[in-house]
Structures are given as structure tokens and as C-alpha cells.
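This report concerns only the one structure given below.
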Amino acid sequence: MHALNEAQIRAVEEGDGPVLVLAGAGTGKTRVIIERLAWLVSEKGVDPRYLLALTFTNRAANEMKARAAERLGLGRIAAWVGTFHAFGLYVLRREIEHLGRGGGFTVFDDADQLSLMKRLIKELPPAFERVSPREALNWISGLKQQLEAPKPEDAAAREDEALHRLWTQYHEALHNANAVDFDDLLVLPVKVFKAHPPSLERYQRRYRYVHVDEYQDTNHAQFVLAKLLSEGHGNLFAVGDEDQSIYSWRGADINNVLQFQETFPDARVLRLEQNYRSTKAILKAANAVVSNNVFRLGKTLWTDLDAGDPVRLYEAENDADEADFITADAALRNLPLHETAVLYRTNGQARVLEEALRKARTPYRVYGGIQFYSRKEVKDLLAYLRLVASPADDVSLRRILNVPPRGIGATTLEHLNSYARERNAGLMQVLRDVETDQTLNPRARKAIAAFVHLIDDLALAAKTQGPGALVKRIMDETGYRKYVEESDEKDFRARLEIVDEFASSCAQYDREHEGGADLLTFLQDLALVSDVDNLEPDAPSLTLMTCHSAKGLEFGHVYLVGLEEGLLPHASSQDSEEEIEEERRLCYVAMTRARQTLTLAYARRRVMYGESRPSEPSRFLGEIPEGSLDLAGQEAGAAPSRGRKGAAASAAPTEDIDVARIKMGTRVRHATFGDGTVMYTAGAGKKLRARIRFQTGRTREFMVSKAPLEIVEGKGR
DNA sequence: GAGCGAAACGAGGAT
DNA sequence: CGTTTCGCTC
């Protein structure tokens with residue numbers, strides 16, 4: 001690792017008070033925080049327990065912890081390093097009594113919220129306008145991230161009326177289920193701090209140096225949390241890059257960066273502009289893209305590294321061809337798989353890639369998408385655990401009440417529901433009372449009594465056994481294992497594997513927490529785990545992940561695929577320039593993950609909703625200067641021929657221009673537009689059309705036989 | 001109430 | 001195309 005440069009040293013050794021480090025991609029942002037933690041401890045003599053560092057992923061936190069400890073020559077560092085949400089959870093656990101909630105609580109994840117909201121909407125009186133569960137949740141989450149609540153006067157519109165009612169119902173349901181959602185992990189601590197200044201002061205005294213990584217991705221709640229914690233001492237050290245702000249849809253507020261100096265008048269703003277990650281070629285291309293954004297402070301990244309290989313572009317016939325090319329190209333170039341990543345905009349793109357990689361027997365790992373903890377089987381078992389730990393958790397109860405089938409079907413559940421509503425009681429309580437209910441048929445009553453018994457037994461076992469042992473018990477006593485085994489002949493093995501993997505990871509927890517494995521704590525921690533947290537950097541396999549997941553990571557070799565209009569930029573972002581700019585930043589983030597080589601790709605056709613549809617190359621491709629992009633896949637053997645029909649080759653030339661020679665990469669000259677390169681062709685013979693990108697950066701499509709074109713040379717490169 | 005096939009619906013990104 | 005919901009039969 002190189003020595004720190006002057007700008008980095010200035011940042012690390014900046015004195016007390018608010019500091020914003022504006023740092024571009026690959027300039028050593030995280031390292032600056034690590035070095036500063038180390039510097040505060042070893043040079044300034046600060047007790048590490050006074051240090052707080054907040055990140056966005058557990059993976060980033062773990063890396064920070066490990067590197068800071070290593071840097072200080074310690075086994076582990078005593079500073080509090082973790083995600084905002086984990087810190088919120090930590091505060092909530094300790095300050096819960098201030099919220100008038102006794103004992104523990106569970107954390108609802110996205111799927112829990114969704115199933116809760118679905119039920120609430122179903123139960124909405126018919127007079128209310130229908131809203132979708134997702135829409136309602138986004139509305140609620142948006143307000144909470146702003147630390148706001150709905151204003152009664154806004155309930156005028158019919159749709160808002162429903163939303164307002166859902167807000168109330170939703171929070172009542174959370175409260176009754178003894179649960180909090182992700183936003184609550186930030187909102188509730190802020191609430192406690194504002195309502196109980198003495199408890200805030202305790203945290204301020206404890207955490208005298210507050211650090212925030214990826215500051216551009218903080219939402220308002222996170223900003224307020226960081227600001228509150230650093231009030232008094234003022235030691236807020238924020239590191240961020242406005243060009244990498246890609247989470248505005250999750251409530252991230254770029255103004256936290258842009259207005260840092262206004263918020264903290266004595267703040268110092270430092271810049272890091274030397275990139276240590278990428279070659280000149282990669283940096284130039286990435287800069288060319290992001291410089292088209294208007295809403296940025298502007299930085300000029302530069303590097304001392306080599307020019308490196310040119311950035312390549314592969315123009316694929318379709319998505320399968322794109323996947324085949326990447327598979328073949330990575331093999332041909334003999335790339336070290338653990339240093340190679342394929343990045344894409346949407347999780348759905350992983351499927352075709354996986355198929356190609358499996359066929360070629362290239363080992364790979366997909367991060368994100370259908371995550372382990374959101375697999376149906378795991379969620380079912382988790383629901384049992386949660387119900388045992390927290391009997392008020394209706395969402396979990398509903399999930400497993402009849403899984404495996406035990407004779408408590410829809411009719412019975414409807415009956416129970418109306419009972420619960422009438423008496424305003426939790427569903428579990430209703431189940432317990434059912435013995436005295438004569439209106440329910442005896443068969444259902446018997447089934448319910450058996451279920452209540454089962455849960456009580458498990459709850460008893462939970463007092464003496466850890467989560468691992470409990471999961472094993474659940475699988476046996478509820479018949480869940482048998483249920484999976486017998487459910488489906490096709491993929492029951494894979495599902496069984498998932499069940500067993502979950503059981504063994506719980507057993508691992510038992511071993512790590514011998515004696516004191518608290519079920520509720522276990523479940524709370526689990527709710528914050530994400531897939532990228534478990535990234536194994538040295539695993540000998542290709543990494544597949546979304547551009548979003550790749551934030552904060554780097555790879556020797558990167559393939560960025562699906563550079564098409566409608567995908568990157570995504571179709572749902574095309575109506576406003578702000579959204580396009582965020583897509584552009586996302587593209588920039590993805591490109592700057594690469595250290596040595598970057599390969600871009602797009603497909604002329606892509607399968608969506610089960611049908612193949614034509615697609616246009618991304619506007620971001622046109623923003624990369626002509627000379628900075630090489631066409632890939634024309635070396636012999638690199639490109640498989642699947643889907644390629646040789647459109648131009650099959651037809652006889654009719655005009656003075658040799659239509660057969662017009663292919664991807666052909667250099668041509670247009671009478672009015674000048675020199676350019678063929679990006680792709682469509683049609684054949686007289687009807688051959690070609691999209692040409694000119695040196696001016698513009699692209700246009702022509703009917704080759706009609707346009708005033710001449711061929712300058714054969715294939716490009 | 002369970003199980004099955006048909007029909008309808010739906011994928012943006014994620015702590 | 002994959003998943004969820006619907007509607008029918010047993």
C-alpha cells in the first residue's frame with residue numbers, strides 16, 4: 001500500500017470540528033477514515049471507545065473494523081463501527097423504556113411490511129380509494145425518512161385519505177406486533193434523543209468523534225442523527241462523493257453534502273482527487289460520462305497509473321449473446337475470477353448470465369437478488385422463531401399458521417380475523433380463547449388447540465435452548481422438514497439444502513454465544529444482514545451483482561452489461577433530468593469499480609416479460625469520446641456466433657457501397673456528418689440500416705443503400 | 001380444507 | 001417467463 005498523499009494526510013490530521021472530505025472514486029475515502037481513527041488513537045491519545053464510525057453496509061463496517069485494528073496492531077478495535085441501522089438498533093435496545101415499550105421488539109423487513117400492508121389494504125372499508133401496498137409503504141417510508149408525519153390537512157384528496165388511514169393502521173399494527181420497521185431504527189432514536197436530552201448527552205459524551213462514510217447517501221434521519229450526536233463537540237467527519245449519490249430513491253438527500261458548509265459554518269471542506277484505483281483509460285471514460293451532469297460540485301480526478309488497456313465495447317445481438325461473450329471473453333483472457341465482476345442494472349439480468357456461466361462451467365456467485373434470508377423456507381422458519389420470541393407478532397403468525405397445512409384454512413382464518421378485530425386483540429390471544437368459542441367447528445378448534453400447544457412447547461424450549469437447537473426442533477415438531485421433502489419432486493433437494501443451511505448457520509450462532517444466545521437479539525441482528533455482507537473477496541469465482549451493490553467495492557476486471565436505453569438509464573427514470581443524472585452517476589460508479597480493465601456491453605435485443613424486444617444503445621455510451629472506446633469480440637474465437645445471422649453478409653451489394661462490409665466497427669465517412677464508426681446494423685441487403693456514431697459524439701441511423709456513405713477502412717482495430 | 005390447473009399479473013435499485 | 005391468485009373438484 002502506497003504512502004498517504006498530501007491531501008489525504010491533511011484530511012486524516014485535520015483537527016477538531018466539522019470536516020467534509022469530498023473525495024472521488026478510488027481516492028481512498030474509506031482509508032482516510034481508517035487512518036484517522038488510527039491517528040486519533042495513536043497520535044492524539046483518544047480512547048478508541050470514544051470513536052464512532054457509521055457506514056451503510058455491514059461489509060464496509062467489518063472492513064473498517066479489521067483494517068483499523070490491524071493498523072493499530074490490535075486484535076480488535078474498541079471503537080463503535082457499524083451501519084446507521086445497527087447503531088439505531090443499539091440505541092433502541094438501550095433506550096427502549098423511553099418509548100413506553102416494555103421488553104424487546106422485532107424488526108420487520110421489507111417482506112414483512114409488504115404482507116402487513118397487503119392485509120391492511122384488504123381490510124380498508126370499501127369507501128377508500130385503492131392504493132397498492134408498495135405505493136403506501138413508499139409514501140410512509142418517504143415521510144419517516146424526512147422525520148415527518150402526515151399532516152391532517154393533506155388528507156383532502158381521496159387517495160390521500162386512504163394513505164393517512166393506512167399510516168395510522170400500519171403503526172398501530174407495528175405497535176401491537178411489538179415490532180419496528182427499518183426506518184424506525186433511525187426515526188425512534190432521534191425521537192428519544194429529542195424527547196430526552198439527558199440520554200442524548202450520554203451518547204455525545206461517549207462518542208466524541210463521529211465519522212460518516214458514504215455521506216452522499218445519508219437521508220434526512222441519518223443526517224439528523226449524526227448532527228445530534230456531534231453537537232457540543234462538533235467533531236463530525238464526513239466523507240462523500242456527490243458523483244456517487246445513487247440512493248435518492250431510498251431517501252438519500254444530496255443536499256446533506258451540498259449544504260454541509262451552511263449547516264456547519266465552521267466546517268472545513270477538503271478534496272481528494274488523486275485516484276489510486278483505475279487506469280487512465282478507465283478514468284477518462286468514466287469522467288467523460290459523469291461530466292455531463294449539471295448538479296455536481298465538480299472534481300477533476302487524475303491518476304499516476306498507466307494508461308492501461310482501452311475500454312472495450314461489445315455490441316451483442318441479444319442478451320444471450322452478451323452473456324456468451326462475457327463467459328467466453330473472460331475465459332479467453334484467462335481472467336482471475338476472484339478479481340472479475342459482471343455488473344448490471346437490474347437483478348433480472350443475472351439469469352441469462354448465470355445460464356451462460358453454468359454452461360461453460362465457470363464458477364460464479366450472485367450477490368443480491370433473491371437473498372438467502374428472503375427465501376421462502378428461511379422466512380417460514382424465521383417466522384416460527386419470531387412467533388416464539390414475540391407472541392404478538394401477527395405477521396409471522398399469519399405466515400405459518402397453516403404452514404405446513406394443519407387444517408386451519410382461509411375460512412377459519414377469516415373467522416379468527418373478525419374476532420380479533422371485534423375485541424381488538426392479537427391473533428395469538430384469539431387462538432388461545434378459541435376453546436370457549438362455540439361458533440367454530442370442532443375440527444378447526446382441535447387443530448388450533450394443537451397449534452397453540454406446539455408454540456407453547458417451543459416457547460418453553462426457547463428458554464433453555466439457543467436458536468440453532470430451536471430451529472432443529474421446529475423442523476421436527478411442526479413437520480416442516482417432511483413438508484418440504486414431500487412438497488415438490490422437482491427442486492425439493494435445493495429447498496432442503498436451504499433449510500439445512502439455515503439450521504446450521506443458526507447452530508453456528510449457538511456455538512458463538514454459548515450460554516447467552518438470546519433469541520430476540522439473534523432475530524434483530526439477523527434482520528440487518530444483507531447479502532453483500534458475506535462477499536468473499538478471495539473466493540475463486542466470478543462476481544455477479546447490481547451496480548448498486550457494487551458501491552464501495554473494486555475489481556481488477558469489470559464487465560458492465562446492458563448499457564441500453566430503458567435499462568441504464570432505467571425506463572422508470574426517463575421522465576426527469578434529475579433521475580437521468582442519478583442513472584448517470586450509477587453508470588459512473590459501476591465504471592469506476594474497475595482497476596485494470598473495463599468492458600462495456602449492450603444487446604440489440606433483450607428478453608423482457610418473456611418476449612424478445614429491440615433495444616437502443618444507452619445514451620451514456622455516446623458520451624464516451626470516440627477514441628476512448630474499442631470494439632470487442634471481433635478477435636477470432638472470442639465471440640460465439642449464437643444469434644448472429646450475418647445480416648450484411650447474406651445479401652448482394654446493390655449500390656457502389658459494399659453493404660457486406662458494413663459491420664460493427666466499420667469506419668465510414670458520411671458526406672455531411674463526417675467520420676464515424678458503425679455501432680450496429682439491422683436488416684439486410686438494400687434494407688440494411690446502420691447506426692453510426694460520429695466523431696462529434698452524435699449517433700444517427702441510416703439506410704445504408706440510400707445514405708451518402710463511404711467506407712474508410714475495414715473493421716475498426 | 002386441500003390440491004390442482006388456468007388465468008392474471010408483474011420486475012428498479014436495498015439497509 | 002416466473003409467480004401469485006382464482007376457481008373448480010374432491
Side-chain angles (χ1 to χ4, degrees), chain A residues 54-61 82-89 107-111 113-115 118 122 132-134 137-138 141 145 181-186 214 217-219 221-222 245-252 319 343-352 355 367-371 373-374 376 401-415 441 443-444 447 483 486-488 491 525-533 545-552 562 566-574 579 582-583 585-587 589-590 606-613:
Chain A
L54 298 169
T55 62
F56 278 79
T57 63
N58 287 317
R59 194 205 53 77
T83 64
F84 269 99
H85 286 85
F87 184 73
L89 177 59
V107 182
F108 274 9
D109 67 15
D110 191 66
Q113 293 175 46
L114 206 60
S115 78
K118 268 187 189 156
K122 220 176 271 173
S132 79
R134 178 53 62 196
L137 283 173
N138 285 344
S141 177
Q145 284 168 342
D181 65 16
F182 275 129
D183 294 323
D184 286 334
L185 294 178
L186 307 170
E214 309 278 13
D217 287 327
T218 49
N219 62 32
Q222 287 160 332
S245 163
I246 55 174
Y247 280 109
S248 74
W249 52 275
R250 217 172 65 184
D319 45 0
L343 306 181
Y344 38 79
R345 177 63 177 81
T346 66
N347 281 309
Q349 292 169 255
R351 190 175 294 274
V352 210
E355 201 182 308
Y367 295 88
I370 304 164
Q371 291 168 18
Y373 289 105
S374 37
K376 179 188 179 298
L401 182 60
N402 203 29
V403 179
R406 51 171 70 91
I408 311 174
T411 319
T412 308
L413 181 60
E414 210 30 67
H415 193 91
N441 74 59
R443 212 172 49 170
Y483 162 69
E486 291 169 358
S487 63
D488 191 21
D491 64 340
D525 290 343
L526 216 54
L528 300 187
V529 170
S530 83
D531 212 28
V532 246
D533 298 343
M545 59 168 65
T546 62
C547 300
H548 280 95
S549 296
K551 187 189 76 167
L567 213 44
L568 186 60
H570 194 269
S572 47
S573 306
Q574 306 227 339
E579 287 173 313
E582 179 147 323
E583 295 290 306
R585 290 193 291 268
L586 186 58
C587 184
V589 166
R606 186 169 292 277
V607 177
M608 274 179 121
Y609 284 99
E611 62 173 331
S612 174
R613 291 153 40 151

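Letters A, B, ... mirror the listed sequences (proteins, then strands); counts begin at 1.
- In this structure, Thr546(A) does not reach the dG12(B) phosphate: none of its side-chain N or O atoms is under 4.0 Å from OP1 or OP2.
- For dA11(B), the base is not stacked against the aromatic ring of Tyr609(A), per a cut-off of 5.5 Å between centres and 30° between planes.
- Side-chain proximity of Lys118(A) to dG12(B), dA14(B), dT5(C): nearest is dT5(C).
- One interatomic measurement links the two molecules: CD of Glu611(A) to P of dG2(C), which rounds to 15 Å at whole-angstrom precision.
- Annotation for Ile408(A) and Thr412(A): closest pair CG2-CG2, 3.9 Å, computed over non-hydrogen atoms.
- Ranking dA14(B), dG1(B), dA2(B) by closeness to the Arg443(A) side chain, first place goes to dG1(B).
- Under 4.0 angstrom from either OP1 or OP2 of dA14(B) there lies no side-chain N or O belonging to Thr57(A).
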**Report entry** Residues Glu414(A), Thr411(A); criterion side-chain hydrogen bond (donor to acceptor under 3.5 Å, both in side chains); working and verdict
**Finding:** CA-CA 5 Å; Glu414(A) 210 30 67; Thr411(A) 319; over 6 Å; no
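- Note on Asp319(A) versus Arg613(A): no salt bridge recorded, every NZ/NE/NH1/NH2 to OD/OE distance being 4.0 Å or above.
- Among the atoms of the strands shown, none is found under 4.0 Å from any heavy atom of Phe84(A).
- When rounded to the nearest whole Å, the span between NZ of Lys122(A) and P of dT4(C) equals 13 Å.
- Closest to the Pro405(A) side chain, of the nucleotides dA2(B), dG1(B), dG12(B), is dA2(B).
- For the pair His570(A) and dG12(B), the ring geometry qualifies as stacking, because the centroid separation is below 5.5 Å while the planes lie within an angle under 30°.
- Checking dT15(B), dA14(B), dG12(B) against the side-chain heavy atoms of Arg345(A) singles out dG12(B) as nearest.
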Query - Stepwise side-chain hydrogen bond (donor to acceptor under 3.5 Å, both in side chains) test for His570(A) and Ser572(A) - result: CA-CA 6 Å; His570(A) 194 269; Ser572(A) 47; 2.7 Å; yes
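- Using a 4.0 Å cut-off, no side-chain N or O of Thr346(A) falls inside it from OP1 or OP2 of dA11(B).
- Taking only distance into account, the side chain of Glu583(A) meets the base of dG12(B) through a donor-acceptor pair shorter than 3.5 Å.
- Judged by atom type and distance alone, Ser572(A) reaches the base of dG12(B) through a side-chain donor-acceptor pair under 3.5 Å.
- Nearer the 5' end of DNA chain B, as judged by each residue's closest nucleotide, is the contact made by Gly610(A), out of Arg134(A) and Gly610(A).
- Side-chain nitrogen and oxygen atoms of Asn347(A) include at least one within less than 4.0 Å of the OP1 or OP2 phosphate oxygen of dG13(B).
- Here Asn402(A) lies in heavy-atom contact (under 4.0 Å) with sugar-phosphate atoms only.
- Taking the side chain of Thr412(A) as heavy atoms from C-beta on, and the options dG13(B), dG1(B), dT15(B), the nearest nucleotide is dG1(B).
- Rounded to a whole Å, the CZ atom of Arg613(A) is 16 Å from the P atom of dG10(B).
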